[in-house]
Amino acid sequence: MTVGSRGRPGDAGCEVPPDRLRAANDAPVRGDGAYVLYWMIAARRAASNFALDRALAWARRLGLPLAVFEPLRLDYPWASARFHRFILDGMAENARAFGAAGVAYLPYVEPTPRAAEGLLMALAARAAVVVTDDFPSFFLPRMVAAAGRSLPVRLEAVDSNGLLPMRAAPKTFERAVDFRRFLQRELPPHLHAFPDPAPLADLEPALRLAGLDAGPRWPAAAALLAGDAAAFERLPIDHGVTPFRAGGSAAGREALRSFVGERLERYGEERNQPALDATSRLSAFLHFGHVSAHQVFTAVAEQQGWNPSRLGLENRGARAGWWGMTPAAEGFLDQLVTWRELGYNLASQREDYDRYESLPVWARQTLDAHAADARPRVYSLAELAAAATHDPLWNAAQRQLLAEGYIHNYLRMLWGKKILEWSPGPRQALAAMIELNNRYAEDGRNPNSYSGITWCLGRYDRPWGPVRPIFGTIRYMSSENTARKMDVKPYLRRYAG
DNA sequence: ATCGGCTCGCGCAA
DNA sequence: TGCGCGAAGCCGAT
């Protein structure tokens, strides 16, 4: 059988799983609407997207065309050339994909802060129903809630984030192994309910619309999407955080192809050698929605010649042996599914997922007990940002973050542990990690980016002796031991100051 | 270089 | 009640 096969649109199987769908208001579907509006804010892609599937299902049911509105705001925290460029690359490609299919698409980029105010309302005034993305972190939950309150038409939020619908988990989990065990019991049926991999193929004429026009106040971002450098430079965003690589679904698919085709089999052996580039580097494409977790899973499954009958029957939470794939592929899926969706689980269930108070009780107790310990070294946020510490390995990791918007997984743990050690207290350490990660990391602001940071402060971990200054029983890491475990020389060379 | 012990809460089978 | 498990910690023995 084909993994995740759902048949063509129009089949009964095309409807979105109910636990991926929620109403964001009580307003009605309007009978006199001119189109179904998809307000694309997180799953910024034209395929493998449950929200798009839902919008198409509405359009077919109501006999109305589909219109897609993809906005990019200016005034969100940490807005920079790095993130804007990545998102704009995706918008240019979405314009091509929707254009080729005959679907109306309005890409709107704010030229000045708050210029988009009123635009969603104006577009929704002609909509029968509005569908948007259900994304659990950053400013998006508040934005969708506010839109739900003000729109006079039904607003639905669709969860297209992971293999497991966020609402399929009834609780949060203290440790990855508990969530992994939950997945081993609950995930299999969801592997048969994937979003349509090609929802725009051979679209019925009735779904097409020549264009989505919001009038002269809100013109489509044609120049920016065409690559107008001067227009890009004029945007009042942080141009000191420079683009590292191209975004968009095509770049994402190429990153996926090269990883699965060329590096997946080395992943098990080489993932922890930071200079060997064996990791997937897919996180940013997943964060901005240019690639779906379902597409990544499908590519891995196909490379492995896998089908669901290979799944193990035991649910002990063991990392290896459950999927029925090679150790390298299972190691990668533990990242893609267990660890990634663990972060979405927490963010979707707790508004304070990014706050110190959300850390486990044992972690806060031991950190608080050692908050007043003497700090032999304390670095300011500016010194940390400038990679100006005494520690060459830490500086190299920070320079990789500055240049590439990414720190190798293993070294990011060390990076965070040292920020704890060098900050005036644990709360300031968390604040510094959030500030640096959200400003520079391509996938900052994502739920699992927060998981990675807060793991350094005890989240999803357990106490480890001996008790040390500053750390208490928080797991300790040192640059010296890291250098003993891996070959850091090529990494230090590559990211030398 | 590699391995086991440290240590312990949790879910689950019995 | 016992067993299996663990984001990549440390140390010491081989």
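A note on names: the letters A, B, ... follow the listed sequences, proteins ahead of strands, and every chain is numbered from 1.
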- prompt: Taking CZ from A/Arg468 and P from C/dC10, how many angstroms apart are they, rounded to a whole number?
  reply: 7 Å
message: Please report the interatomic distance CG(A/Leu457) to OG1(A/Thr366), rounded to the nearest 0.5 Å.
response: 11.5 Å
- prompt: What nucleic acid atoms does A/Gln184 come within less than 4.0 Å of, heavy atoms only: base, sugar-phosphate, or nothing?
  reply: nothing
query: Between A/Arg316 (CZ) and B/dA13 (P), how many Å, whole number?
result: 11 Å
Protein-nucleotide distance (A/Tyr460, atom OH; C/dG9, atom P), rounded to Å: 20 Å
- prompt: Roughly how many Å is it from CG in A/Asn315 to P in B/dC10, rounded to a whole number?
  reply: 18 Å
message: Quick check for you: to the nearest 0.5 Å, what is the distance between A/Ser292 atom OG and A/Arg45 atom CZ?
response: 4.5 Å
query: What is the pairing partner of B/dT7, taking Watson-Crick or G-U wobble pairs with both distances under 3.5 Å in any strand?
result: none
- request: Check whether any side-chain N or O of A/Lys171 sits under 4.0 Å from OP1 or OP2 of B/dG11, and answer yes or no.
  value: yes
query: Between A/Arg180 (CZ) and C/dC5 (P), how many Å, whole number?
result: 11 Å
message: If I take atom CG in residue A/Leu183 and atom C1' in nucleotide C/dC5, what distance separates them, rounded to the nearest angstrom?
response: 15 Å
- request: Assign A/Tyr476 to base, sugar-phosphate, or nothing according to its heavy-atom contacts below 4.0 angstrom with the strands shown.
  value: sugar-phosphate
message: When the P atoms of C/dG9 and B/dC10 are compared, how many Å lie between them, rounded to an integer?
response: 24 Å
message: Rounded to whole Å, please give me the gap between CZ in A/Arg462 and P in B/dC10.
response: 13 Å
message: Need one value for A/Met477: base, sugar-phosphate or nothing, where a base atom within 4.0 Å counts as base even if backbone is also close, heavy atoms only.
response: sugar-phosphate
message: For the P atoms, the ones on B/dT7 and on C/dT1, what distance do you get once it is rounded to whole angstrom?
response: 22 Å
query: Looking at B/dT7, C/dC10, C/dG9, which one has an atom nearest to any side-chain atom of A/Tyr410?
result: C/dG9
statement: Per atom distances to the A/Asp178 side chain, the nearest of B/dG11, B/dC8, C/dA7 is B/dG11
- request: Tell me, please, whether A/Tyr440 has A/Arg82 positioned over its six-membered ring: NZ or CZ under 6.0 Å from the ring centre and within 45 degrees of its axis?
  value: no
task: Rounded to whole angstrom, note down the P distance from B/dA1 over to C/dA7.
output: 27 Å
- request: Find the distance A/Arg412:CZ to C/dA7:C1' and express it as a whole number of Å.
  value: 10 Å
- line: Of A/Arg175 and A/Trp464, the one whose closest nucleotide on DNA chain B sits nearer the 5' end is A/Trp464
message: A cation-pi test, strictly: NZ or CZ of A/Lys417 under 6.0 Å from the centre of the six-membered ring of A/Trp455 and no more than 45 degrees from its axis. Yes or no?
response: yes
query: Any chance the rings of A/Tyr410 and A/Trp415 have centres within less than 6.0 Å?
result: no
query: Within the pair A/Lys485 and C/dA7, is there a side-chain N or O less than 4.0 Å away from OP1 or OP2?
result: no
task: If C/dA7 has a Watson-Crick or G-U wobble mate with both distances under 3.5 Å, name it; if not, just say none.
output: none
message: Students often mix this up, so state it plainly: with edges at 30° and 60°, are the rings of A/Trp422 and A/Tyr379 parallel, tilted or perpendicular?
response: perpendicular
- prompt: What nucleic acid atoms does A/Arg185 come within less than 4.0 Å of, heavy atoms only: base, sugar-phosphate, or nothing?
  reply: sugar-phosphate
- prompt: Roughly how far apart, to the nearest Å, are C/dC10 and C/dG6 at atom C1'?
  reply: 16 Å
message: Classify A/Arg319 by what it touches in the nucleic acid, base, sugar-phosphate, or nothing, heavy-atom distance under 4.0 Å.
response: sugar-phosphate
task: Identify which nucleotide among C/dG6, C/dA7, C/dC10 has an atom closest to any side-chain atom of A/Asn481, counting heavy atoms from C-beta outward.
output: C/dC10
